[in-house]
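For reference, the structure is listed below as structure tokens.
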Amino acid sequence: EYMSGRTRAAEVSKAADAFLMRLDLAINKSRPEHLHELEELVEHTREVLSYYGDPEDWYEFERKQSFQIDGIAQLAAIQRYDTPIRIEWANLSSGLQALVEQFALIGEAVGKAATQGRLSLVILIDEGDAYLHLDWQRRYFSLLNKYLGDLKKLHKLNSLQLILATHSPLLAADIPGEFVTNLDSGEIMKTFAAPLEEVIAGSFESSSLGEFAAKKINEIYRRAQAFSLTDTDRQLIDAVGDVAIRSALMRADKN
């Protein structure tokens, strides 16, 4: 299965035929040397599992071997081997797992490009922050920036440019407005370190309030102007988290 994803179909077919001949399950004209690549994969896999795995942690019916990787260096050492081993991360939240896998894919792609002599790269990421917890969204660009900087040094790249598509105002607030493009508007605003409500209203042309909350506040404000606030309205005013909005509604009530 692993060979079929990386080798020409004809070569895989010959290797499969040779493997069946080896087991005396087929008779054909395939030569033993066609089995060589498959034997190498098996040997590399045995080396990795013998070094990192414990026979007691082998789950035969699930075809899984459990072992611990103690850092990026060990992961890189495993990946240097040409094996069909697929590493699955355990005890990670879905967001953090997505983040680890995303960075690993970026690192692999940049490494392959560098080995091909491509030293000026543009990376396109479409909503890489999707499904992340708000705190991970807040940290996403900082982590990504540092990681890409390390990749640039590691592979001695001439330039490494990033184009990132996002719906997150948290990310936009981490980037100077000159580098933020709203596809629906040509206006440039100061997004860097700006309050989120300004980023949302400017670059994302939306509101920082949910539609339900905004509708209720507008209804309360109209009733306050008509001197018809109810006790329920006043309780809801006390529950408003935005100090400016709460103060405006309280002033409207007094008037």
In the structure I gave you, are the side-chain heavy atoms of Val110 and Ile123 within less than 4.5 Å of one another anywhere? yes
May I ask you to decide whether Asp238 forms a salt bridge with Arg234, counting only side-chain N to carboxylate O separations under 4.0 Å? no
According to a hydrophobic-cluster definition based on side-chain heavy atoms being under 4.5 Å apart (Ile, Leu, Val, Met, Phe, Trp, Tyr only), do Phe103 and Ile125 belong together? yes
Give the intermediate values and the outcome of side chain to side chain donor-acceptor pair (under 3.5 Å) for residues Tyr140 and Gln102. CA-CA 11 Å; Tyr140 176 77; Gln102 179 187 147; 2.6 Å; yes
Can you name the nearest heavy-atom pair linking Leu162 to Phe141, along with the distance? CD2-CE1, 4.3 Å
In this structure, CD of Glu47 is separated from OG1 of Thr45 (nearest 0.5 Å) by 9.0 Å
On a heavy-atom basis, which atom in Leu119 and which in His155 lie closest, and how many Å separate them? CD2-O, 4.1 Å
Is the count of non-hydrogen atoms from other residues, nucleotides or ligands lying under 6.0 Å from Tyr221 atom OH greater than 12? no
Taking atom types as modelled, is there a side-chain donor on His44 or Glu40 under 3.5 Å from an acceptor on the other? no
Can you list the steps and then say if Asp129 with Trp136 is a side-chain contact (heavy atoms from CB on, under 4.5 Å)? CA-CA 8 Å; Asp129 58 297; Trp136 281 112; over 6 Å; no
List the steps, then state whether side-chain contact (heavy atoms from CB on, under 4.5 Å) holds for Leu148 with Ile106. CA-CA 9 Å; Leu148 294 181; Ile106 292 172; 3.9 Å; yes
Can you tell me how far the CG atom of Leu121 sits from the CG atom of Leu151, to the nearest 0.5 Å? 9.5 Å
Thr115 side chain to Lys112 backbone, donor-acceptor under 3.5 Å: yes
If you take all heavy atoms of Leu157 and Arg118, which pair is closest and at what distance? CD2-O, 4.1 Å
Let me check something: do Leu154 and Leu144 share a hydrophobic cluster, defined by ILVMFWY side-chain heavy atoms less than 4.5 Å apart, either directly or through other members? no
State the CG-CZ distance between Leu41 and Arg46, to the nearest 0.5 angstrom. 12.0 Å
Have Ser142 and Asn145 got a donor and an acceptor in their side chains that come within less than 3.5 Å? no
Output all residues satisfying side chain to side chain contact (heavy atoms under 4.5 Å, CB included) with Leu38, sequence neighbours left out; order by chain, then residue number. Met3, Phe19, Leu35
Determine, step by step, whether Phe179 and Leu164 satisfy the side-chain contact (heavy atoms from CB on, under 4.5 Å) criterion, reporting the C-alpha distance in whole Å, the side-chain angles of both residues, the deciding distance to 0.1 Å, and the verdict. CA-CA 10 Å; Phe179 302 105; Leu164 176 66; over 6 Å; no
Atom CD1 in Ile237, atom NZ in Lys216: separation rounded to 0.5 Å? 13.0 Å
If you round to the nearest 0.5 Å, how far is CG of Leu236 from CG of Leu229? 10.5 Å
